[in-house]
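Working notes, structure below.
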Amino acid sequence: MQISANNISIEVEVSGPENGPVILLTRGLGTQMTEWAESFYNQLECDGYRVVRYDNRGSGLSEKMGPCETDNILPEPDYTIYDMAADSIGVLDALKIERAHLLGISMGGMISQVIAAHYPERVISLISVMSSAGEADPTENGSAKATDGLTAAWPPASDREEIIAKGIDDCYLYGSRTHRPS
């Protein structure tokens, strides 16, 4: 469903028991909420959680914007991680949710950390996965090849095989060295 949050349109899905503790799932750069494994959020629902998933601004079915600070396309970004954290709070506000557990992956972990730092009264707990505390230069610890893989354009949506191949190639660039994708 589309909701208005922080003056933009955000695509959100809510599932699980209405009276359960809320867990807000936030994805990373260039990914959509559809990339959360259905078995994962179904298990959270079975454990009694109300699961809130959403597409960050500029991704999926949420409102498209100019480049964000992690895109490294323009010297002055149109929005920042702080704006994206405010979007997340706007999602909670629109759904009338006071507090939530936060689980963010990659850039979603950075967004969740900003929420915890700037809106601590809204946070029950925080899990930040495959993320960073936000170095001055987020590419400082990564290889140029991995950075290029993260920022490269994806193949057209109609080319399923090419999209799968790029996703697997990217996992080899910045994923685990011991647990390879299958």
Side-chain angles (χ1 to χ4, degrees), residues 1-65 68 70 79-132 134 150 154 157-158 160 163-164 166-168 170-171 174-176 179 181-182:
M1 77 177 131
Q2 289 280 318
I3 63 169
S4 178
N6 198 22
N7 298 314
I8 63 171
S9 181
I10 303 281
E11 181 71 15
V12 177
E13 288 190 13
V14 181
S15 56
E18 194 164 316
N19 62 346
V22 175
I23 184 162
L24 181 68
L25 303 180
T26 306
R27 292 296 308 191
L29 179 67
T31 62
Q32 297 177 248
M33 69 174 151
T34 56
E35 293 188 45
W36 290 104
E38 188 174 358
S39 60
F40 173 68
Y41 63 83
N42 283 345
Q43 184 60 57
L44 290 170
E45 295 163 11
C46 287
D47 290 342
Y49 287 93
R50 183 174 179 204
V51 179
V52 178
R53 302 178 299 137
Y54 66 102
D55 286 334
N56 285 314
R57 65 167 65 195
S59 71
L61 298 176
S62 288
E63 189 171 331
K64 303 301 183 261
M65 315 293 287
C68 81
T70 59
Y79 58 98
T80 68
I81 295 288
Y82 297 94
D83 296 319
M84 297 174 89
D87 296 347
S88 302
I89 293 299
V91 166
L92 295 177
D93 289 346
L95 297 172
K96 300 185 181 346
I97 296 169
E98 293 288 322
R99 299 176 74 216
H101 298 279
L102 307 178
L103 192 160
I105 290 182
S106 192
M107 185 180 71
M110 294 173 71
I111 294 167
S112 297
Q113 290 173 54
V114 171
I115 295 168
H118 292 271
Y119 307 91
E121 70 283 359
R122 305 296 297 269
V123 179
I124 300 168
S125 67
L126 166 66
I127 301 170
S128 181
V129 181
M130 302 181 309
S131 192
S132 164
L150 274 169
W154 280 80
S158 59
R160 184 175 188 274
I163 290 170
I164 292 169
K166 180 177 175 6
I168 292 170
D170 286 357
C171 285
Y174 49 76
S176 170
H179 296 88
S182 54

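Quick note: numbers below take in every heavy atom, side chains included, and nothing from hydrogens, waters or symmetry partners.
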Are side-chain N/O atoms of [X] and [Y] paired as donor and acceptor at under 3.5 Å?
| X | Y | answer |
| --- | --- | --- |
| Ser128 | Gln113 | yes |
| Tyr54 | Thr26 | yes |
| Glu45 | Ser15 | yes |

For Ser62 and Asn56, what are the C-alpha separation, side-chain angles and deciding distance, and is it a side-chain contact (heavy atoms from CB on, under 4.5 Å)?
CA-CA 7 Å; Ser62 288; Asn56 285 314; over 6 Å; no

Which is it for Ile105 and Trp36 under the side-chain contact (heavy atoms from CB on, under 4.5 Å) test, yes or no, and what are the steps along the way?
CA-CA 10 Å; Ile105 290 182; Trp36 290 104; 3.6 Å; yes

To check you understand the geometry: which heavy-atom pair defines the closest contact between [X] and [Y], and what is its length?
| X | Y | result |
| --- | --- | --- |
| Gly90 | Ala5 | C-CB, 3.4 Å |
| Gly48 | Pro21 | O-CD, 3.4 Å |
| Ser106 | Ser131 | O-OG, 2.8 Å |

Could you go through Val14 and Arg50, starting from their C-alpha distance and side-chain angles, then the distance that decides it, and tell me whether this counts as side-chain contact (heavy atoms from CB on, under 4.5 Å)?
CA-CA 7 Å; Val14 181; Arg50 183 174 179 204; 3.4 Å; yes

Whether over 12 other heavy atoms sit under 6.0 Å from Glu18 CD
no

Can you confirm whether Tyr49 is buried at OH, in the sense that more than 12 heavy atoms of other residues, nucleotides or ligands lie under 6.0 Å from that atom?
no

Between [atom1] of [X] and [atom2] of [Y], what distance do you get to the nearest 0.5 Å?
| X | Y | atom1 | atom2 | answer |
| --- | --- | --- | --- | --- |
| Glu11 | Glu13 | CD | CD | 6.5 Å |
| Ile111 | Asp87 | CD1 | CG | 8.0 Å |
| Leu126 | Leu102 | CG | CG | 6.0 Å |
| His101 | Ile124 | NE2 | CD1 | 4.0 Å |
| Arg53 | Glu35 | CZ | CD | 11.0 Å |
| Ser125 | Leu103 | OG | CG | 8.5 Å |

Against Leu95, only a single residue in Val91, Leu92, Asp93 fulfils side chain to side chain contact (heavy atoms under 4.5 Å, CB included); can you say which?
Val91

Scan Arg27, Met130, Met84 and name whichever one has a side chain to side chain contact (heavy atoms under 4.5 Å, CB included) with Met107.
Met84

Side-chain contact, heavy-atom cut-off 4.5 Å: Leu25 with Val52?
no

Short question: side chain of Asp55, backbone of Met33 - any donor-acceptor pair under 3.5 Å?
yes

Short side-chain to backbone donor-acceptor contact, Glu98 and Arg122, under 3.5 Å
no

Let me see the working for Asn6 and Arg57 under side-chain contact (heavy atoms from CB on, under 4.5 Å), right down to the final yes or no.
CA-CA 10 Å; Asn6 198 22; Arg57 65 167 65 195; 3.6 Å; yes

